[in-house]
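Take a look at the structure below.
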Amino acid sequence: MNSFSPMNTPINYEIVEQKIGELEVPEIGNASIREIVQLVSSIEAATGVRYIRMEMGVPGLPPARIGVEAEIEALKNNVASAYPRIDGIQPLKDETSRFLKLFMDIEVNPEGCIPTVGSMEGSYAAFLVSGSCHKERDTALFIDPGFPVQKQQMLVMGQKYVTFDVFDFRGNKLRDKLESYLSNGNIHCIIYSNPNNPAWICFDDEELSIIGDLANKYDVVIIEDLAYFGMDFRQDLSRPGIPPYQVTVARYTGNYILMISSSKVFSYAGQRIGMMVISDALYHRHFPYLGERLQVHGFGNAVVHRVLYSLTSGTSHSAQYALAAMFKGANDGNFNFIEEVKEYGEKAKIMKRIFTDNGFKIVYDTDLDQPVGDGFYFTIGYPGMTGGELLHKLLYYGVSAISLSNTGSSKEGLRACVSNVKRDQFGDLSVRLQQFNSDYPLSSD
């Protein structure tokens, strides 16, 4: 029997309900990441109780020192007074090209390595230009679950998209599933993250070769979001020029754009800088409809001189020097960026156990034929509850996350991010989940 009582929850029930009402979101399970952030912050302010905050994927580690020092030096050299090149400063372009060779074993001309105001701007530009190449192609395909805000970008641009949850279509099954969409002739690009946000599953070479083969067959652009570059901690990807390398679709097609973020791997989120990498073949390719739509035929020129110029006219000058220094340190073997972020995987392992010890299940629990790895995110569900119900009820227990439905998942549950949870909160997490499990006991059947 349900023993829940609103009088006994760790967070005042009336205050939680009041703040949810003030948010003016009809269904809390559909609230955006930033809306949940606002809600939890307002509850914390009203109650003085610290939440276990798992709703937003922000770094929980100090920024890479090598980047901070390089940016300070750049500011001392007065770069703040000069507009940067829209396509990026040359040292950053060169070091990015080196980084791709040393950590991915692919070759891209520095020309196609372009800084953006975070991968968010990069994906916006990629969607816009990819959707302007063929007049008859008006739809993007998301391999979900994925980053919710990318679909918001499609909404803002007025572009169409379709999605499917990849969990039941791994390995060889992926080919037929993708082809069922591509054969319609309306898809201009395919988007996915690897490692995946939120499931933390990782496509392997077989799956990436399938995606690459179909990109060639149907002439679609692949947008590979590498926000968590190298963070599949099940293998050591930290040694420049030494296998194994970060897997990528770039080995199987020339129709690709890579998004490499500085936010997570370098903990440099606040400076809003990432790299948009366009393959040599795609950068120089001409599309007749681009000329009609954006008055320029070349894909790369459309990205740089139409979209990025219109959006921000370039990326922070000093932050470009920071990212160049971080890439150079990694390339030279002086900066092991993977070692610095392994803390996320270690925390995920502990937090998963706390949840599962108290009746929760890991929703995306396997990665092909092995357990899913421990990383920046994991997914949780509670038997008998929808994701929206679970999110709502956990708020009374001082635990926050976002609903999997917001990520395009077909499964019920929540996305949990480990980064903002401190180790000194593990005790509170355990106590609160024990009470949750007691208040919502599971059937013994």
Side-chain angles (χ1 to χ4, degrees), residues 103-105 141-147 163-182 190-215 222 224-239 242-253 338 341-342 344-357 359-383 404 407-418:
F103 289 92
M104 300 185 76
D105 197 29
L141 172 59
F142 284 81
I143 301 178
D144 275 338
F147 182 38
T163 85
F164 70 93
D165 189 324
V166 75
F167 189 71
D168 294 323
F169 301 97
R170 299 296 305 277
N172 284 325
K173 295 178 183 178
L174 183 60
R175 183 181 296 276
D176 288 343
K177 187 63 176 178
L178 287 174
E179 200 142 22
S180 71
Y181 290 95
L182 296 174
I190 299 174
I191 308 99
Y192 60 86
S193 57
N194 204 37
N196 176 273
N197 169 8
W200 211 250
I201 57 178
C202 299
F203 286 142
D204 64 7
D205 274 308
E206 178 191 12
E207 292 168 316
L208 293 169
S209 70
I210 290 171
I211 295 171
D213 287 345
L214 294 177
I222 307 301
E224 187 172 74
D225 187 346
L226 299 169
Y228 309 95
F229 190 102
M231 290 171 64
D232 179 4
F233 301 125
R234 295 172 298 184
Q235 51 186 336
D236 183 6
L237 303 174
S238 67
R239 300 170 298 174
I242 300 174
Y245 299 103
Q246 167 71 44
V247 295
T248 177
V249 76
R251 298 200 182 95
Y252 307 104
T253 182
I338 300 295
V341 295
K342 282 184 178 179
Y344 297 133
E346 293 169 3
K347 288 201 297 184
K349 184 176 182 179
I350 298 169
M351 291 171 64
K352 282 183 186 179
R353 187 173 67 249
I354 295 173
F355 275 96
T356 56
D357 283 350
F360 289 77
K361 60 186 179 67
I362 305 301
V363 179
Y364 292 88
D365 57 346
T366 59
D367 192 0
L368 289 171
D369 58 352
Q370 58 182 313
V372 72
D374 299 319
F376 201 74
Y377 299 108
F378 61 94
T379 56
I380 51 173
Y382 199 78
L404 281 179
T407 71
S409 171
S410 63
K411 303 183 182 302
E412 296 293 347
L414 305 178
R415 182 193 81 172
C417 182
V418 308

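Just so it is clear, the structure is predicted and the values come from calculations on it, not from any experiment.
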With sequence neighbours left out, write down each residue that passes ring pair (Phe, Tyr, Trp, His ring centres under 6.0 Å) with Phe229, or none if nothing qualifies. Phe99
Partners passing side chain to side chain contact (heavy atoms under 4.5 Å, CB included) against Ser193 (at least two apart in sequence or in another chain): Asn196, Asn197, Asp225
Please examine the side chains of Glu207 and Ile143, heavy atoms only from C-beta on, and report whether any two atoms are closer than 4.5 Å. no
Decide yes or no on salt bridge (Lys or Arg N to Asp or Glu O under 4.0 Å) for Asp213 and Arg175, but give the supporting numbers first. CA-CA 9 Å; Asp213 287 345; Arg175 183 181 296 276; 3.6 Å; yes
Taking Lys347 for its side chain and Val418 for its backbone only, find out whether a donor-acceptor pair lies under 3.5 Å. yes
Which heavy atom of Lys411 sits nearest to which heavy atom of Phe167, and what is that distance? CE-CD2, 3.4 Å
To the nearest 0.5 Å, what is the distance between CZ on Phe360 and CG on Leu414? 8.0 Å
Closest approach of Phe203 and Asn194, non-hydrogen atoms and distance? N-OD1, 2.7 Å
When rounded to the nearest 0.5 angstrom, what distance separates CE in Met351 from CD1 in Ile380? 8.0 Å
Do the side chains of Ile211 and Tyr192 get nearer than 4.5 Å, heavy atoms only? yes
Does any N or O in the side chain of Glu224 come within less than 3.5 Å of the main-chain N or O of Val249, such that one atom is a donor and the other an acceptor? yes
Roughly how far apart are Thr379 OG1 and Asp365 CG, rounded to 0.5 Å? 7.5 Å
Taking C-beta and beyond as the side chain, do Val372 and Phe378 meet within less than 4.5 Å on heavy atoms? no
Minimum heavy-atom separation for Pro198 to Tyr377, with atom names? O-CB, 3.4 Å
One should read off an interatomic distance between Thr248 OG1 and Asp205 CG, to the nearest 0.5 angstrom, of 9.5 Å
If we only count heavy atoms from C-beta on, is the Leu237 to Pro244 side-chain gap below 4.5 Å? yes
Within the 4.5 Å heavy-atom criterion, are Phe233 and Asp374 side-chain neighbours or not? no
Asp144 side chain to Thr163 main-chain N or O, any donor-acceptor pair under 3.5 Å? no
Stepwise side chain to side chain contact (heavy atoms under 4.5 Å, CB included) test for Phe164 and Leu178: CA-CA 9 Å; Phe164 70 93; Leu178 287 174; 3.8 Å; yes
Carboxylate-amine/guanidinium contact Arg170 Asp204, below 4.0 Å: no
Asp105 with Arg251: basic N within carboxylate O range, under 4.0 Å: no
Taking Ser409 for the side chain and Pro145 for the main chain, is one N or O donor matched with an acceptor at less than 3.5 Å? no
Is there a side-chain contact between Tyr364 and Asp165 (heavy atoms, below 4.5 Å)? yes
State, with a plain yes or no, whether a side-chain heavy atom of Leu214 is found less than 4.5 Å away from one of Tyr252. no
Return yes if some donor-acceptor pair links the side-chain N/O of Gln246 with the main-chain N/O of Met104 below 3.5 Å, else return no. no
Side-chain contact test, heavy atoms from C-beta onward, threshold under 4.5 Å: evaluate it for Trp200 versus Phe376 and give yes or no. yes
Above 12 or not: heavy atoms from other molecules or residues under 6.0 Å from NZ of Lys173? no
Centroid separation under 6.0 Å, is that true for the rings of Tyr228 and Tyr344? no
